[in-house]
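Single-structure report; data block below.
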2 protein chains.
Amino acid sequence: MNILEKISQSQSAFSKSERKVAEVILANPQTAIHSSIATLAKMSNVSEPTVNRFCRRLDTKGFPDFKLHLAQSLANGTPYVNRHVEESDGPEEYTKKIFESTMASLEVARQSLDINVINRVVDLLTQAQKISFFGLGASASVAHDALNKFFRFNVPVIYFDDILMQRMSCMNSSEEDVVVLISHTGRTKSLVEIAQIARGNDATVIGITSKDSPLARECSLVVSLDVPEDTDMYMPMASRIAQLTLIDVLATGFTLRRGTKFRENLKRVKDTLRESRYDKKPAT
Amino acid sequence: MNILEKISQSQSAFSKSERKVAEVILANPQTAIHSSIATLAKMSNVSEPTVNRFCRRLDTKGFPDFKLHLAQSLANGTPYVNRHVEESDGPEEYTKKIFESTMASLEVARQSLDINVINRVVDLLTQAQKISFFGLGASASVAHDALNKFFRFNVPVIYFDDILMQRMSCMNSSEEDVVVLISHTGRTKSLVEIAQIARGNDATVIGITSKDSPLARECSLVVSLDVPEDTDMYMPMASRIAQLTLIDVLATGFTLRRGTKFRENLKRVKDTLRESRYDKKPAT
DNA sequence: CGTTAAGTTGTAATTTTACTACATATAATG
DNA sequence: CATTATATGTAGTAAAATTACAACTTAACG
């Protein structure tokens with residue numbers, strides 16, 4: 001957790017002199033990280049050991065360690081903190097908070113990923129005869145995006161956001177097919193049923209969902225993405241971004257596995273779009 | 001500038017021993033910031049002053065100062081900003097790189113945003129009789145996602161990924177309607193045409209696109225998102241994520257503007273989904 | 001090929017910085 | 001008001017970083 005926030009929140013746990021130190025640091029943290037314990041003590045009108053004790057109270061090993069933490073908090077303003085949007089926030093605040101918490105969630109998501117599973121999934125995708133991406137609600141747009149990416153690879157790829165179409169498609173799947181099911185909660189009934197149908201036809205079912213969910217249990221392979229979601233908003237936000245980034249990773253893995261020639265092919269696909277676009281200004 | 005990058009780039013300016021130090025630090029920067037100059041010297045098999053000289057060569061005041069810079073580089077989770085995926089990268093590397101460059105792009109996007117414009121857009125959206133989200137290709141899934149979000153707000157909201165449907169929809173638009181057009185490049189012909197049609201019917205046209213683009217010129221209001229895109233991949237990746245996060249911001253602004261009562265309404269929408277889902281395990 | 005100069009690295013001493021143990025002061029409780 | 005607990009500071013100690021200088025290595029030149 002961000003140590004600057006910690007300082008302002010722990011105010012009550014501090015003693016009188018420690019609070020003086022806290023004030024000085026919060027007032028000008030940039031100066032604090034470039035000061036020695038002696039100068040900081042003088043600035044706060046307390047003794048050096050008091051500063052040291054202050055550091056310890058914040059669960060750091062000592063003053064130098066504290067400075068490191070502080071420096072990290074200051075690195076990019078105060079980035080990657082999972083602060084929640086509040087009723088009183090203006091446009092500036094909520095924009096900042098949403099961007100920052102999205103970034104924080106991506107970091108958490110990245111750390112929760114199992115690289116071996118990613119590698120296996122890329123393996124399966126490259127070997128697939130046909131790839132299907134299915135999701136519902138917010139995850140539908142993720143599946144939609146996956147379609148857009150994999151479509152460029154010139155592989156048979158399918159996407160539906162209609163349950164019945166999804167079902168029918170899975171009924172017709174076979175051993176060489178890969179079905180990717182996307183769901184943040186992993187508790188959407190119809191998706192779980194679809195997993196069962198696909199598995200019944202010996203298709204490989206890959207789940208992009210949270211682990212230990214009903215959907216996860218029905219999949220051949222699960223890429224678990226554990227992302228903290230701000231439930232106050234009643235909308236999926238961070239989970240969706242993490243899923244999309246994962247799609248990027250899988251698509252990238254796919255192209256790398258296919259080699260250089262394949263990449264040239266991608267360029268051709270992109271170039272085809274040129275006709276539908278206005279030219280770029282020459283002098284830009 | 002990020003000191004980790006600086007280290008890897010300055011390799012040529014280092015002496016033999018200094019390079020040893022650089023290697024050790026790059027191999028495990030997390031350990032480096034928690035070591036003293038003595039232990040770091042031992043790890044690199046050089047003397048303490050050499051480590052000190054190494055720090056000075058990187059324009060830091062000394063070892064402690066160097067550690068602060070290093071800590072800051074490691075803090076934001078994007079130590080190697082904007083590095084491109086390479087042919088030789090394994091799953092571990094490209095996963096890391098994609099997540100990190102996505103985070104870096106979000107940071108850039110956030111800084112390029114004009115808060116006043118955001119505020120105006122939220123204004124317009126809350127006052128709209130009908131909201132339409134249109135995009136093509138990769139931006140179609142962004143529009144799709146926007147539909148999913150704004151649909152929950154119980155406002156008339158429209159989404160099509162079919163050009164003709166988009167056109168027809170715009171032909172029927174009127175003064176109270178808001179049309180949101182999403183395009184990274186802003187040079188997709190049919191979207192520009194749609195903007196003109198909508199404007200011709202006095203609808204408010206909001207563009208989520210790059211500034212100074214043909215599309216931007218046709219819009220009543222433009223939220224410009226300047227995101228660096230890794231063109232090596234021939235796929236839109238970061239731009240899409242930034243657009244989605246912007247949608248989150250707009251949706252959040254919308255709900256905040258509508259007040260607490262409205263938020264309760266959102267909760268009801270979410271609760272309705274419960275029937276379609278398996279219960280959460282009680283003991284979790 | 002040897003001599004010299006420039007640059008590199010290490011050793012040891014010095015200085016600075018942080019920490020510990022203990023003493024004193026202040027506040028809290030019965 | 002006495003007693004205990006808590007908070008703060010002083011002085012000494014340990015550790016860390018820096019400096020000055022010496023030894024070594026490499027490159028340059030006659």
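Residue numbers begin at 1 in each chain, while the letters A, B, ... track the order of the sequences.
- Straight-line distance from the CD1 atom of B:Ile37 to the P atom of C:dT15: 18 Å, rounded to whole Å.
- Closest approach to the B:Ser47 side chain among C:dT11, D:dT18, D:dT8 is made by C:dT11 (side chain taken as heavy atoms from C-beta onward).
- The phosphate of D:dA15 has neither OP1 nor OP2 within less than 4.0 Å of any side-chain N or O from B:Ser36.
- A salt bridge links A:Glu18 with A:Arg57: the distance from a Lys NZ or Arg NE/NH1/NH2 to an Asp or Glu carboxylate oxygen falls below 4.0 Å.
- When rounded to the nearest whole Å, the span between CZ of B:Phe63 and P of D:dA17 equals 5 Å.
- If you measure from atom NZ of A:Lys67 to atom P of C:dT16, you get 15 Å, rounded to the nearest angstrom.
- Regarding A:Glu18, its CD atom lies at a distance of 11 Å from the P atom of D:dG9, rounded to whole Å.
- Going from atom NZ of A:Lys20 over to atom P of D:dA7 covers 14 Å, rounded to whole Å.
- If you measure from atom CG of B:Asn45 to atom P of C:dT9, you get 13 Å, rounded to the nearest angstrom.
- With distances taken from any side-chain atom of B:Val46 to the nucleotides C:dG10, D:dA17, D:dG9, the minimum falls on C:dG10.
- Whole-Å rounding puts the A:His34 NE2 to D:dA17 P distance at 16 Å.
- No more than 12 heavy atoms of other residues, nucleotides or ligands lie within 6.0 Å of CZ in A:Arg120, so this atom counts as exposed by the packing criterion.
- Side-chain contact between A:Ser44 and A:Glu23: absent, with no pair of heavy atoms (C-beta onward) separated by less than 4.5 Å.
- Between B:Glu107 and B:Arg110 there is a salt bridge, with a side-chain nitrogen of the basic residue lying less than 4.0 Å from a carboxylate oxygen of the acidic one.
- Shown here for B:Ala138 and A:Asp145, the closest heavy-atom pair between the two residues is O-OD1, 4.3 Å.
- B:Val223 pairs in a side chain to side chain contact (heavy atoms under 4.5 Å, CB included) with only one of the listed residues (B:Thr209, B:Val249, B:Asp114, B:Leu113), which is B:Leu113.
- Between A:Phe54 and A:Phe63, the distance from one ring center to the other does not fall under 6.0 angstrom.
- Listed candidates were C:dC19, C:dT9, D:dA17. Nearest to the side chain of B:Ser17 is C:dT9.
- Between the CD1 atom of B:Ile33 and the P atom of D:dA16 there is a distance of 16 Å, given to the nearest Å.
- Annotation: proximity of residues 49-58 of chain B to DNA chain C (heavy atom, distance under 4.0 Å) is found for B:Pro49, B:Thr50, B:Arg53, numbered in ascending order.
- Contact between the side-chain N/O atoms of A:Lys16 and the OP1/OP2 oxygens of C:dA27 is found at a separation under 4.0 Å.
- Of all nucleotides listed (C:dA18, D:dA17, C:dT8), C:dT8 comes nearest to the side chain of B:Ser15.
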